[in-house]
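Some notes on the structure that comes next.
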Amino acid sequence: MTTLCDNISRGADGVLRFAGQSVCELADRWGTPLYLMDEDRIRANCRMYLGAFRESFGADALPLYAGKAAAFRQMYRIMAEEGLGVDAVSPGEIATALSVGYPAENIYYHGDGKTDADIAFALDRGVGCFIVDNGNELIALNEAAGARGLRQKILLRITPGIDPHTYKAINTGAVDVKFGVPLETGQAMEFVRAALGMPHLEVAGLHCHVGSMVFDEDVFLRTVDLMVDFMAEVRGELGFTFRELNLGGGYGVRYVDGDPHSDIPARIGEVASRLKAALAACGLPLPRFLMEPGRSIVADAGMTVYTVCSVKRIPGYKSYVITDGGMTDNPRFCLYGAQYTVLHASRHGGLRAIFDLAGRCCESGDIIQPAISLPAATGRGDRVAVCTTGAYNYSMASNYNRFGRPPVVMLRGGESYLAVRRETVEDMLALDL
Ligand code: LLP
């Protein structure tokens with residue numbers, strides 16, 4: 001059995017259990033493909049972050065849940081109850097949060113391409129803080145805030161120029177990425193100068209995000225050094241002291257047993273020590289500390305369950321287990337070559353064989369995970385589960401080929417309930433004229 005997370009186990013009957021519940025019974029009740037989310041685990045992860053933040057940085061430090069990892073109404077209800085802030089990247093995420101009464105002042109609004117309509121939407125709803133990505137946005141936001149008689153709180157997104165050694169597509173801290181304004185070129189100082197000259201913007205602090213799936217412990221420490229150096233330069237050159245610092249998200253999670261463990265509270269403690277020492281060395285006060293974890297809050301709370309449609313053996317080549325899902329509910333192997341742990345939901349002993357776990361999209365690259373070991377007798381109607389799918393699966397799902405997106409079923413204290421219903425053909429037809 002996998003050691004990925006203690007919410008995965010097998011009963012004496014051999015049936016896979018997730019958050020203590022039979023995966024086969026859940027699949028019978030809710031149908032497949034099916035996203036399961038362990039609410040107790042999400043809440044435990046939130047508390048882990050809050051506890052570590054308070055211990056290391058004091059009562060005003062706030063983890064912001066990066067909704068891009070999984071954004072739906074029930075998730076924002078949980079974040080409101082747990083007292084986390086949220087990072088939103090679109091009017092859609094903002095509206096979803098607000099629709100369940102999530103407090104607008106705790107929303108930090110991101111995005112490198114905010115339109116005038118996006119800016120108006122967020123300002124009119126009282127979004128607490130804009131994370132301004134670039135100089136064009138600065139001007140547009142200042143004008144829009146002025147037109148409304150507002151002074152909008154902002155953070156400035158800086159690109160520290162750090163390579164976090166993660167997948168290329170999710171490396172967001174290097175100098176030449178599309179996000180933020182680079183330190184290295186001197187543009188960051190001009191960005192701050194311009195922001196401080198905007199009458200309708202209140203510069204609260206700095207933001208950076210170096211990447212996702214970061215395991216290298218040194219990455220955040222080097223980021224701290226660069227950001228504090230810059231804060232000191234700004235104070236020296238412009239006489240301004242920032243009162244918030246947001247280091248973004250990025251802590252890695254385990255998808256396969258070989259992945260390293262990340263002791264996040266310990267990592268946060270190290271960041272705190274490094275930050276306090278660096279600030280003290282240049283006589284700067286400790287700003288309010290923020291981070292934006294997404295994956296590490298929801299990934300291990302998720303599991304996707306499929307029903308096997310067919311098993312295909314091509315002698316001398318390979319074998320496939322073809323499921324009722326695919327790249328439509330989990331595009332991460334196709335996009336990033338991401339690894340996953342795949343488990344049979346009921347068969348466990350006996351002879352095993354190697355299969356590619358495929359989907360049913362009309363595309364030969366529609367592979368959920370290649371070369372996985374499953375019982376050789378796996379056949380049509382069996383259930384298989386893919387672990388650790390809580391982050392960037394539901395939120396990146398599509399209805400390619402007009403397959404509907406799976407429902408999200410939450411598991412809490414031995415019960416299950418629907419958080420997002422299955423997308424139907426009628427839902428898709430409703431958009432067509
Ligand atoms: N803050 C910012 C500005 C970000 O861009 C991201 C992720 C986060 C926070 C949250 O990072 P996390 O804690 O989840 O690593 N679709 C990719 C991941 C893209 C991450 C984009 N930004 C994947 O499936 O691996």
Side-chain angles (χ1 to χ4, degrees), residues 42 45-46 48-49 52-53 62-71 75 79 84-90 93 107-114 129-134 137 155-160 162 164-174 177-181 205-216 219-220 223 227 245-256 259 262 264 267-268 271 290-302 304 327 329-340 368-369 386 388-398:
I42 297 170
N45 289 338
C46 291
M48 175 269 288
Y49 266 104
F53 269 48
L62 189 65
L64 313 174
Y65 167 63
K68 69 206 84 188
M75 196 63 91
M79 295 306 148
L84 264 69
V86 302
D87 139 0
V89 292
S90 66
E93 287 186 2
I107 299 179
Y108 282 68
Y109 179 27
H110 264 289
D112 57 329
K114 298 185 185 90
C129 186
F130 276 62
I131 300 184
V132 178
D133 179 89
N134 57 65
E137 181 185 341
L155 299 185
L156 298 170
R157 181 159 180 173
I158 301 300
T159 320
I162 283 187
H165 307 295
T166 181
Y167 316 128
K168 197 168 187 310
I170 56 179
N171 169 359
T172 39
V177 293
K178 70 169 186 151
F179 297 105
V181 178
L206 296 178
H207 169 278
C208 66
H209 169 80
V210 290
S212 199
M213 269 307 269
V214 177
F215 283 108
D216 183 345
V219 165
F220 286 100
T223 305
M227 295 303 277
L245 177 64
N246 179 336
L247 290 190
Y251 286 117
V253 303
R254 297 175 71 224
Y255 286 99
V256 291
D259 281 339
S262 212
I264 292 173
R267 297 287 85 78
I268 290 169
V271 166
L290 309 167
M291 280 185 91
E292 301 162 343
R295 192 189 310 268
S296 50
I297 290 186
V298 290
D300 63 4
T304 308
M327 65 194 290
D329 61 80
N330 186 352
R332 295 191 68 258
F333 173 73
C334 302
L335 284 173
Y336 317 118
Q339 287 188 289
Y340 281 101
I368 302 167
Q369 194 62 196
V386 178
T388 331
T389 57
Y392 304 111
N393 277 230
Y394 167 75
S395 62
M396 294 178 72
S398 73

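Order of appearance sets the numbers: ligands from 1, and atoms from 1 within every ligand. In this text, all values refer to a predicted model and were calculated from it rather than measured experimentally.
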Legend entry - side chain to side chain donor-acceptor pair (under 3.5 Å) evaluation trace for Arg295 with Ser212: CA-CA 8 Å; Arg295 192 189 310 268; Ser212 199; 2.8 Å; yes
Inset, instruction - Under the side chain to side chain donor-acceptor pair (under 3.5 Å) rule, what do Asn45 and Asp300 come out as? Steps first, then yes or no, please. - result: CA-CA 9 Å; Asn45 289 338; Asp300 63 4; 3.0 Å; yes
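Here the NE2-CD1 distance, from His209 to Ile162, works out to 12.5 Å after rounding to the nearest 0.5 Å. Atom CZ of Arg267 and atom OG of Ser262 lie 6.0 Å apart (nearest 0.5 Å). Note that the OG1 atom of Thr388 and the OH atom of Tyr255 stand 7.0 Å from one another [nearest 0.5 Å].
Considering backbone and side-chain N/O of Ala69, none are found under 3.5 Å from N/O of ligand 1. The shortest N or O to N or O distance between His207 and ligand 1 is not below 3.5 Å. The shortest N or O to N or O distance between Ser296 and ligand 1 is not below 3.5 Å. An N or O contact shorter than 3.5 Å is missing between Gly248 and ligand 1 by distance.
Atoms of ligand 1 lying under 4.0 Å from at least one heavy atom of Met396, given by number and element, are 16 (N), 24 (O). Here is the list of ligand 1 atoms found below 4.0 Å of a heavy atom in Arg332: 23 (C), 24 (O), 25 (O). Remark: ligand 1 atoms within the under-4.0 Å shell around heavy atoms of Gly294 are 12 (P), 13 (O), 14 (O). Distances below 4.0 Å separate heavy atoms of Asp87 from the following atoms of ligand 1: 1 (N), 9 (C). Atom numbering of ligand 1 starts at 1 in the shown order; those under 4.0 Å from a heavy atom of Glu292 are 1 (N), 2 (C), 3 (C), 8 (C), 9 (C), 10 (C), 13 (O). Near His110, with a cut-off below 4.0 Å to any heavy atom, the atoms of ligand 1 are 3 (C). Numbered from 1 in the order shown, with element, the atoms of ligand 1 that lie under 4.0 Å from a heavy atom of Pro293 read 13 (O).
Considering only residues two or more places apart in sequence or on other chains, Asp112 meets the salt bridge (Lys or Arg N to Asp or Glu O under 4.0 Å) condition with Lys178. Residues satisfying the side-chain hydrogen bond (donor to acceptor under 3.5 Å, both in side chains) criterion with Asn393, sequence neighbours excluded, are Asn330, Tyr340.
Counting heavy atoms closer than 4.0 Å to ligand 1, residue Met291 contributes nothing at all. At a heavy-atom cutoff of 4.0 Å, ligand 1 is contacted by no atom of Phe179, backbone or side chain.
Seen from the ring of Tyr392, Lys68 does not count as a face-on cation partner, given the 6.0 Å and 45° thresholds.
When the options Met213, Arg295, His209 are ranked by their closest heavy atom to atom 8 (C) of ligand 1, first place goes to His209.
Taking the six-membered ring where the residue is Trp, Tyr251 and Tyr49 present tilted rings, their angle falling between 30° and 60°.
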